[in-house]
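Sequence positions, counted from 1, serve as the residue numbers for this chain. Both ligands and their constituent atoms are indexed starting at 1 by order of listing. Atom set for the values below is all heavy atoms of this structure, side chains included, hydrogens, waters and symmetry mates excluded.
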Amino acid sequence: MNFKTSQRLSSLPPYLFVELDRKKAEAIKKGVDIIDLGIGDPDLPTPDFIVERLAEAARHPCNHRYPSSAGMDEFRKTVALWCKRRFGLDLDPEREVACLIGSKEGIAHFPVAFLNPGDWVLVPTPGYPVYHIGTLFAGAMTHFMPLLEKNSFLPDLASIPPGVLKNAKILWLNYPNNPTGATAPPAFYEKAVEFAKEHGLIVCHDAAYSEMTYDGYKAQSFLETPGARDVGIEFHSLSKTFNMTGWRIGFAIGHPDLVAGLKQVKSNVDSGQFNAIQHAAVAALESDQSCVKDMQGVYAERRDALVSGLRRLRIQAPSPKATFYVWTPVPNGHTSQGFSSLLMERAGIVVTPGNGFGAPGEGYIRMALTVPTDRLKEAVARLEKVLA
Ligand SMILES: *Cc1c(COP(=O)(O)O)cnc(C)c1O
């Protein structure tokens with residue numbers, strides 16, 4: 001039999017890290033001491049009290065049956081309370097909250113609920129790949145909005161062609177931003193709400209890094225913006241906030257019709273997240289959030305070690321006030337891929353070439369703060385030798 005994958009699958013963008021992955025595997029095989037700053041996955045364990053709640057809940061037979069795909073009442077109520085405490089939002093847990101099997105799941109499924117062939121979706125680039133892939137899976141088309149340093153890594157909404165706008169349905173935003181580490185000021189969200197109302201757009205905001213912030217900066221919810229609840233849905237994740245990437249738990253909040261559409265898709269493709277995991281998430285969200293503070297302290301220290309080290313080597317790395325990414329310009333005369341390969345081969349340092357997140361990411365590498373401070377210092381020391 002000759003199995004040919006669908007046009008939908010063949011239309012997916014090529015995977016740009018084949019060569020780099022091969023070099024990494026080779027180096028590991030040779031026994032090189034790799035410092036991996038490539039993946040956005042916390043190295044710290046999930047706090048104990050969350051694990052304990054899972055263990056307890058896993059023993060209860062009432063949690064062994066099918067969950068509801070929208071999420072347990074208790075989970076959705078806890079989410080609403082957390083959003084009240086954290087953002088001052090008053091949400092109806094019935095109609096304005098949905099449980100997700102990780103926010104990636106919701107981000108990928110949401111377009112299925114609202115897009116038709118011929119529709120356009122406005123997607124930031126460089127960016128998290130799932131916005132574009134969800135668009136393709138829904139049979140719609142992507143218009144990429146470049147995130148440029150000169151615009152503080154905010155999209156220039158005024159430059160979107162009128163022909164695209166006429167048939168555009170969704171505007172994706174993601175702040176604090178992966179991969180650039182940028183944050184959005186309230187004025188930008190106000191502009192986005194106005195723009196969405198003018199052009200009949202749904203605003204999908206990915207808030208995966210809302211809690212990973214430093215230096216006293218507090219990220220707001222997009223839904224706090226006046227008028228945002230008429231046009232918006234926001235995707236949240238416990239993955240980065242509570243070191244729970246492996247658990248697959250997140251939630252969506254927003255306009256009841258948008259949440260209902262997403263729930264309808266989900267009820268047809270999944271049967272919800274394991275109730276015991278939802279119970280553990282409840283423990284995380286209703287805790288005093290001191291574990292979140294600890295997490296912020298760890299990354300702020302790492303960030304300072306890496307950024308000051310890079311600057312000593314005359315690499316003008318920004319000091320992000322959110323996310324665990326340092327979006328670093330490559331030295332003159334290098335490309336993203338070239339510099340990443342050099343770091344890999346000569347220093348055993350794995351980073352992600354910026355162009356892998358979209359063409360405007362060329363000229364940058366993304367360094368994730370997912371190793372301890374002493375390893376980041378070691379990375380800077382190795383880099384110094386390479387650049388010497
Ligand atoms: C990590 C990440 C997510 C998804 O996290 P889940 O583990 O699926 O909840 C979503 N968006 C961005 C930008 C991310 O970096």
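Under the 30°/60° scheme for interplanar angles, the aromatic rings of W172 and F110 are found to stand perpendicular.
Checking each of I233, L89, L258 against I253 for a side chain to side chain contact (heavy atoms under 4.5 Å, CB included) leaves exactly one that passes, namely L89. Partner of H205 under the ring pair (Phe, Tyr, Trp, His ring centres under 6.0 Å) criterion, out of F87, Y189, Y131: Y189 alone.
Within the structure, ligand 1 has D206 among the residues with a heavy atom less than 4.0 angstrom away. Within the 4.0 Å heavy-atom shell around ligand 1 one does not find E105. Using a non-hydrogen distance threshold of 4.0 Å, Y209 registers as a contact of ligand 1.
Judged by a 6.0 Å distance limit and a 45° cone about the ring axis, K321 is not positioned over the six-membered ring of Y214.
Using a 4.0 Å cut-off between charged nitrogen and carboxylate oxygen, D206 and K104 do not count as a salt-bridge pair.
Aromatic ring centres of F137 and H132 lie farther apart than the 6.0 Å criterion allows.
Between N174 and ligand 1, a contact under 3.5 Å exists for no N or O pair.
Within ligand 1, the atoms closer than 4.0 Å to a non-hydrogen atom of K104 are 6 (P), 8 (O), numbered from 1 in the order shown. In the vicinity of G102, heavy-atom distances shorter than 4.0 Å reach the ligand 1 atoms 8 (O), 9 (O). Against a heavy-atom cut-off of under 4.0 Å, R248 is close to the following atoms of ligand 1: 6 (P), 7 (O), 8 (O).
The protein heavy-atom contact nearest to atom 14 (C) of ligand 1 is K240 NZ, 3.2 Å. Ranking the protein heavy atoms by distance from atom 7 (O) of ligand 1 puts S239 OG, 2.6 Å first.
With distances taken over non-hydrogen atoms, the option nearest atom 5 (O) of ligand 1 out of P129, A207, S103, A108 is S103.
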Can you list the steps and then say if T213 with E211 is a side-chain hydrogen bond (donor to acceptor under 3.5 Å, both in side chains)? CA-CA 6 Å; T213 61; E211 308 315 294; over 6 Å; no
